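Here the structure is a predicted model, which is why all the values come from computation and not from measurement. Hydrogens, waters and symmetry mates are skipped; everything else that's a heavy atom, side chains included, is used.
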Amino acid sequence: MRTVLSVEYAGESFEGWQTQPHGRTVQDALELALARIADAPVPTVCAGRTDTGVHATTQIVHFDAPVARPLSAWVRGANSHLPDGVSVRWAQGVSDDFHARFSATARHYRYVLFNGPVRPALLHARVGWFHRPLDANAMAKAALALVGEHDFTAFRAASCQAHSPVRTIRYARVQRHGEYVVFDFCADAFLHHMIRNLVGALVYVGKGAQPVDWLAVLLCGRDRTLAAPTFSASGLYLCGVEYPDQWSLPGQGRIICTPQLALPESCIEPESKFVD
């Protein structure tokens, strides 16, 4: 039976999602725990592979269970074998035509940036940090150029293996909440390092190093070497995946859970109230 999981993890505890020979990835930890429940190998597929240091509040994973187990075993049982930095939030059975990656119609990411002169020790690795004042209004205006279908060559990593650099962004928002600047992105899919490169470029606009129309210029130029450096992974969260409602997944397929940090209440979107 094909089973879907919602998995949460703290990215600083792992070297990304995708399995590696050294075994220090989220996929390695999850598959080891699931194998303990199934008494057999359990290969998994995720909605979006995340890099070292990137967090997830709701990574969607599917696997084909080699044995029959109650759904509670894939949650409580797996969690009993998982390290502290990762947990399974819920499990649900689906038909074999569901695919965590290819069935997804959208992904949501949030980047949380602390904008103050002193680095935030209590949120170490959970938020990004920039010490100079940033103009959130200028960044919000610059981000509007990203909405729609574009060639994002200027914002993809050199090692990106995607066949096409074209992606469609539904929204790109920048808001200030006290000392925090929050970046929200939703697209059909993202390229390797795309969001961290977008945040880096927006920070250049926010600190006054580039004009508001710079991101539009970069999009047209399609030259990664002209854009800003890749920003830190610390504040980046995969926080939502959307699917057609034919599989009766939670939230009618709109599975979204924005990160619950020590942010002002105004920063917590109503949709984040849905947890499992």
Can we call the ring centroids of Tyr111 and Phe231 under 6.0 Å apart?
-> yes
Counting only N and O atoms by type, is there a donor-acceptor contact under 3.5 Å from the side chain of Gln18 to the main-chain atoms of Gln27?
-> no
Using side-chain hydrogen bond (donor to acceptor under 3.5 Å, both in side chains) as the criterion, list what pairs up with Asn137, not counting sequence neighbours.
-> none
Whether over 12 other heavy atoms sit under 6.0 Å from Arg101 CZ | no
Non-hydrogen side-chain atoms of Leu236 and Arg196 separated by less than 4.5 Å = yes
To the nearest 0.5 angstrom, please state how far the OG atom of Ser234 sits from the CZ atom of Arg126.
-> 10.0 Å
Do Phe114 and Tyr180 have their ring centres less than 6.0 Å from each other?
-> yes
How about Asp51 and His192: does a side-chain donor come under 3.5 Å of a side-chain acceptor?
-> yes
So which pairs with a foot in residues 145-168 pass salt bridge (Lys or Arg N to Asp or Glu O under 4.0 Å), sequence neighbours left out?
-> Asp151-Arg222
Can you give each donor-acceptor pair under 3.5 Å made by side-chain atoms of residues 197-208, sequence neighbours left out, with the distance rounded to 0.1 Å?
from	atom 1	to	atom 2	distance (Å)
Asn197	OD1	Arg224	NH2	2.9
Asn197	OD1	Thr230	OG1	2.6
Asn197	ND2	Phe155	O	3.0
Asn197	ND2	His193	O	3.1

Heavy atoms of Ser87 and Leu82 approach each other most closely as CA-CD1, 4.1 Å
Is there a path of hydrophobic side-chain contacts, each under 4.5 Å between heavy atoms of I, L, V, M, F, W or Y residues, that connects Leu34 with Ile60?
-> no
Would a line drawn from the ring center of Phe98 to the ring center of Trp247 be shorter than 6.0 Å?
-> yes
Pair Asp28-His22, side-chain hydrogen bond (donor to acceptor under 3.5 Å, both in side chains): steps then yes or no | CA-CA 9 Å; Asp28 290 318; His22 54 61; 5.2 Å; no
Does the pair Val127 and Leu113 meet the rule for a side-chain contact (heavy atoms from CB on, under 4.5 Å), with working shown?
-> CA-CA 5 Å; Val127 299; Leu113 178 66; over 6 Å; no
Do the side chain of Gln59 and the main chain of Val26 share a donor and acceptor less than 3.5 angstrom apart?
-> no
Sequence neighbours excluded, which residues qualify as side-chain hydrogen bond (donor to acceptor under 3.5 Å, both in side chains) partners of Asp84?
-> none
Hey, could you give me the SG/CD1 distance between Cys186 and Ile169, rounded to the nearest 0.5 Å?
-> 9.0 Å
Scan for ring-ring contact (aromatic ring centres under 6.0 Å, His included) pairs involving residues 45-87, sequence neighbours excluded, and state none if there are none.
-> His55-Tyr237, His62-His99, Phe63-Trp74
Thinking salt bridges, do Glu242 and Arg170 make one under a 4.0 Å N-O criterion?
-> yes
Compare every heavy atom of Glu15 with every heavy atom of Thr25, then report the nearest pair and how far apart it is.
-> CG2-O, 3.7 Å
All heavy atoms of Val174 vs all of Ala143, minimum pair found to be CG2-CB, 4.2 Å
Out of curiosity, Tyr109 OH to Cys239 SG, how far, rounded to the nearest 0.5 Å?
-> 9.0 Å
For Gln246, does the CD atom have more than 12 heavy-atom neighbours from other residues, nucleotides or ligands under 6.0 Å away?
-> yes
Single-linkage hydrophobic cluster, 4.5 Å side-chain cutoff, Val88 and Leu71 together | yes
Please step through side-chain contact (heavy atoms from CB on, under 4.5 Å) for the pair Val45 and Val61, ending with a clear verdict.
-> CA-CA 5 Å; Val45 177; Val61 176; 6.0 Å; no
What about Phe152 and Met139, same hydrophobic cluster or not, with Ile/Leu/Val/Met/Phe/Trp/Tyr joined at side-chain heavy-atom distances under 4.5 Å?
-> yes
Rounded distance [0.5 Å steps], CZ in Phe14 versus CG in Leu30 | 9.5 Å
Does any donor atom in the side chain of Tyr9 or Thr57 lie under 3.5 Å from an acceptor atom in the other side chain?
-> no
Is Leu215 reachable from Leu134 through a run of hydrophobic residues whose side-chain heavy atoms are each under 4.5 Å from the next?
-> yes
side-chain contact (heavy atoms from CB on, under 4.5 Å) between Thr44 and Leu5, intermediate numbers included | CA-CA 10 Å; Thr44 61; Leu5 307 177; 6.0 Å; no
Donor-acceptor contact present, side-chain Asp135 to main-chain Ala138, <3.5 Å | yes
Taking every heavy atom of Asp245 against every heavy atom of Gln252, the minimum-distance pair comes out as CB-O, 3.5 Å
Heavy-atom donor-acceptor pair, Asn115 side chain to Glu179 backbone, under 3.5 Å = no
Return yes if some donor-acceptor pair links the side-chain N/O of Ser80 with the main-chain N/O of Gly77 below 3.5 Å, else return no.
-> yes
Salt-bridge contact Arg69-Asp39 (side-chain N to carboxylate O under 4.0 Å) = yes
Shortest non-hydrogen contact from Ala104 toward Val241 | CB-CG1, 3.7 Å
pair Leu146-Leu219: side-chain heavy atoms closer than 4.5 Å = yes
Indicate, with yes or no, if Val181 and Phe185 share a hydrophobic cluster defined by side-chain heavy-atom contacts under 4.5 Å among Ile, Leu, Val, Met, Phe, Trp and Tyr.
-> yes
Is it true that a side-chain atom of Arg89 and a backbone atom of Glu8 form a donor plus acceptor pair closer than 3.5 Å?
-> no
When rounded to the nearest 0.5 angstrom, what distance separates CG in Leu191 from OG1 in Thr153?
-> 8.0 Å
Euclidean distance, Ile256 CD1 relative to His108 NE2, rounded to 0.5 Å = 3.5 Å
Closest non-hydrogen contact found for Ala136 with Arg176 is CB-CB, 3.8 Å
Pairing residues for Asp188 by the salt bridge (charged side-chain N to carboxylate O under 4.0 Å, His left out) criterion, not counting sequence neighbours = none
